[in-house]
Every structure is written in C-alpha cells, then in structure tokens.
Amino acid sequence: MAKGKASKKLDHKADRKVDKKAGTRVGKKAASAATRRLSRHLPRYQGADWLSRTLPTRAEAWTPDDAPGRLQQALAGNVLSWPKRRLFFISDPHADAEAFEASLVASGGVSKTGPGLGDFTLTRPGRKGRFIIGGDCLDKGPSNLAMLRSLQQLIDSGARVTLLAGNHDMRLLMGLMALERQRSPRTEHLFVRMGRKVIPLLQEIHAEYLDDSAEALAGIPSSKVCRRRLLPRDSWFATFPALAEGFMPQGAIDKELARLRKKVGHFEAACDRAGLSLRQVYAAALKLRELFLHPKGEFAWFFQRMCLAHREGAFLFVHAGLDDEVAGIIAAEGVAGLNRRFDRAVVEDPCGFYYGALANTLRTKYRSVDFPLTEPGMARLHEQGIHAVVHGHINLTRGQQWRMRCGMLHLDGDITLDRHSRRKEGLSGPGMGATIIHPAGQVIGISNDYPHARVFDPAHELAAATSRASSPKSKAASS
C-alpha cells in the first residue's frame, strides 16, 4: 500500500516536470513569436556594412510603464493620431557628421553607398517619409561644417526635411545677429554668451576660409577695438538687470549676470589657448556672419529653414519641451501660429526671445527655474489632440525613453550621437540611431547603445490586455 502511494507521488512529480517543460516550451515559443512579430517593424539597414558599428536586428516590446491607459487608448484608437507618412526623428547630432549619416541609415531612410561622408542616397521609405531633425546640429563634435554639409546633402537629395531649432543653434544665431546691430544692453552680450563652445567652430572657419597671412586680417581693427565689439561693456552688468525685469525673474537675472561674468573673464584666454587672437576671432566671426546671414551665404538655408515646433497627428516635435504659455499659443493659433511668432521674435527682439517662453521650448528640463507646464496647460494640449511630445536635449546612454512629465507623455530622443559627449559618458565611437513613427501605429526606437530595437504598438498592447482580461484564467482569478 505504501509502495503504491510512493509510486503515485513519483508519477505526479513526473507529470509536474512534464507540465513545467511543456509550459517552458510554450513560453519560449510565444516569446519567439512576439520577437518575430515586433522585428518585422524594423527598417532595412541599407549599406550598413559601411558603418563602424552594428545596429540591432531584433526587437522587444516598448510600453511606457507609467503612462495612463487613457493616453495609450487615445493613440491606439484614433487613426488621426498617427502621421500620414513615416517619420524619422534624429536629434542632437552636435557636429558629428559620421554619427548623423549612420543614424540616417538606422532610420531606413538612407542607403550608405561608400565609406566617406556624403556617400548616401535616399531609399524608397526615405523618399516617401519625412526626416525631422530635432535641433542642436552645432557644437561639440568633430566638425560643424561637415555636419552642415551632410544635412545640406540630405535636403538636396529631395528628402522632406523639417529642421527644429535647438538651443546651441540659436545661441550662434543670436551671437551673429548681435554683431550686425547697434550696440545695446539687450544684445551686446550675446556673442560672448556662446562662451568656449563656439571656439571649435571659429577654428574651423579660420582654417578653411582664412589663414595666417596678413591679407586674412586686412581691414580687421586692432585687438582693443575687436575686444570692444565682441564683449559687453563693463556698464552692461549694471544696465541689463533693469532691462530684464520685464521678462526674467530676479533669480534668473542674478544667475545670468554670474554666468556672463565668468564667460567674459574666460573667453579671451580660451581663444588664446586655441591659437586664436582676438583679431582672428573677429575675422572668423565676420566670415560666419557672411556664411549664415548673407542671403547668398553657403549656410544661409540653415536658419531660414528652422522652425520651433512641428506637429504630426497626436505627436508634437520640439527640441526640449513645453510650458503653459506655449501651450496657450498652440491652443489659440496652432503650431503654425507658434512658428510665426518664433520667426518674428528672433528678428524683432532677440533678447526678449532668448529669455522668454518661446526659447524655453529649446532648453527646458522641467526644472524649477524653467517656465512651468501645469495641468491646465497639459489639458489645453490634450484638447488640441496632442498626446505626446517628441524631443531631444537630454542626452541618454541606453537609447530612447518614454517618460511622463507634468501629465504629458514625452519621448526623449537624444541618444548621445556625438563623440565628444560620448567620451564624457564613457561611451565609445560615434553613436547611431533614430526614432521612427509609422503611419500604421507603431513607434520604433533604434540605438546602437541598446541591444534590441524597441517597438511601441499601443493598439496591439491594448488588444492583448483585453484578451488577457477576458481569458478564463483571468476571470477565475478575479472571482
């Protein structure tokens, strides 16, 4: 009798092992099927053999963990939430043309045709889609000029390209415009406000367009005069606070004065260490002004094409983020109205623009010092059908991230492309990757710093959740 009971126990134990193995096999098969389904959304990387790094070839599910279900439902259940054509979002290339072109390949919109910069052509998806460059094309990386020429080639190839303003880009524009205008406490500090970050660009301009001969500095005034034209007067520190009271809180004014004292104190010495005299700096600055601001300048298109925001369906694209004032403008005038305000403000009042709510869109990190986005502002955006903000500005080291900020779903798309930033973060080589938003209702995040591509498919996720909720096991568990 005891032997029979022992035998039955062994049989039950064996059955449980069989069930467990069977369950494991079923689980693995289901996971494999899910991976295959998600991986079908990945683009074809054409010409990837020419790249210095590899891109992910498998995909995993990508669900915003803390996003309310109503937001996913809003995206999943409304065809108007999704763009009419495929969107390729690449942000913060920061003067690294190699990383930028590799990211174009990662998007599937471009085929690399050779090892050099500029060796690429549009693919069929690239011809049909839209590239949204999320700002900050300048500063940090190996070559600003190479980056601009790669972007120019993308535009000249016939691609639809939307170029968003970034804070680094606009700093250059403000500085160059200050050189054109009569000196005023509102603008005379804007050139040096770029600080040391502009010096590599000045070096590039000097190396490519100027030289060390006497002819290169013909017509350039003395160092004393150049200093007076490039740096704010000593009296600026006393006069600026009264001018700024109308558009800056006192804490921000104090912080700006401290920042400018430091930049003014260090700028000339930093230029000298880089091998540039103030006369050479001024000559390079005038050449920059010609290249970017003269109607026939090589890079005149760069600021002419720039906009503050772009909308496709439920997705709003900006460089950094939003606040209540900008949300109100969008609610009243639409994104087109916001961009018209941007165009006017930059020309008519660079100082008011740079320290106001419009430029907050370029630099906010939702800190206490930034213009706030509160529930009323978020509600206005939701009323307009905007449910997700896609942006760069905050560099990430493990690919794109979904975050809830101030009740609004944000997709952070700055994946640290340029080599300068990557060295500081302990990452090797150039970065590469892109965020793809598909008309069929998926968002795909690709980065060479994350082993898998990630696919957000809200319609499928909601259908799967509904199926799980209605399954017999789920009903039994809830009863």
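Below, each value reflects all heavy atoms present in this structure, side chains not excepted, and no hydrogens, waters or symmetry copies. For the single chain, residues carry numbers from 1 onward in sequence order.
Cation-pi geometry between R160 and F88 is not met: the NZ or CZ atom fails to fall both under 6.0 Å from the ring centre and inside 45° of the normal.
Results of the side chain to side chain donor-acceptor pair (under 3.5 Å) test with Y366 over R405, H410, R403 single out H410 as the only residue that passes. When each of D96, D449, N395 is paired with R422, the side chain to side chain donor-acceptor pair (under 3.5 Å) condition holds for D449 and for no other. Among L362, N360, T361, the one residue that satisfies the side chain to side chain contact (heavy atoms under 4.5 Å, CB included) test with T364 is N360.
Between Q384 and R311 there is a side-chain heavy-atom pair separated by less than 4.5 Å. Using a 4.5 Å cut-off on side-chain heavy atoms (C-beta onward), P451 and R398 make contact. For the pair F131/L122, a side-chain contact is recorded, criterion being any heavy-atom separation below 4.5 Å from C-beta on. By the 4.5 Å heavy-atom criterion applied to side chains, H319 and H393 are counted as neighbours.
Distance alone, capped at 3.5 Å, is enough to place a donor-acceptor pair between the S103 side chain and the G433 backbone. In this structure, H94 contributes its side chain and L138 its backbone to a donor-acceptor pair below 3.5 Å. In terms of modelled atom types and a separation under 3.5 Å, the side chain of E204 and the main chain of L145 share a donor-acceptor contact.
Salt bridge annotation for E383-R380: absent, with no cationic side-chain nitrogen under 4.0 angstrom from a carboxylate oxygen. Residues D92 and K140 are not paired through a salt bridge, judged by the lack of any N-O separation under 4.0 Å between the basic side chain and the carboxylate. Residues R340 and E333 are not paired through a salt bridge, judged by the lack of any N-O separation under 4.0 Å between the basic side chain and the carboxylate.
In this structure, the ring of F240 has its center less than 6.0 angstrom from the ring center of Y355.
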> Given T416 and E425, is the side-chain hydrogen bond (donor to acceptor under 3.5 Å, both in side chains) satisfied, shown in steps?
Replying inline: CA-CA 9 Å; T416 314; E425 297 289 353; 5.7 Å; no

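A donor-acceptor contact closer than 3.5 angstrom links the side chains of T435 and Q400.
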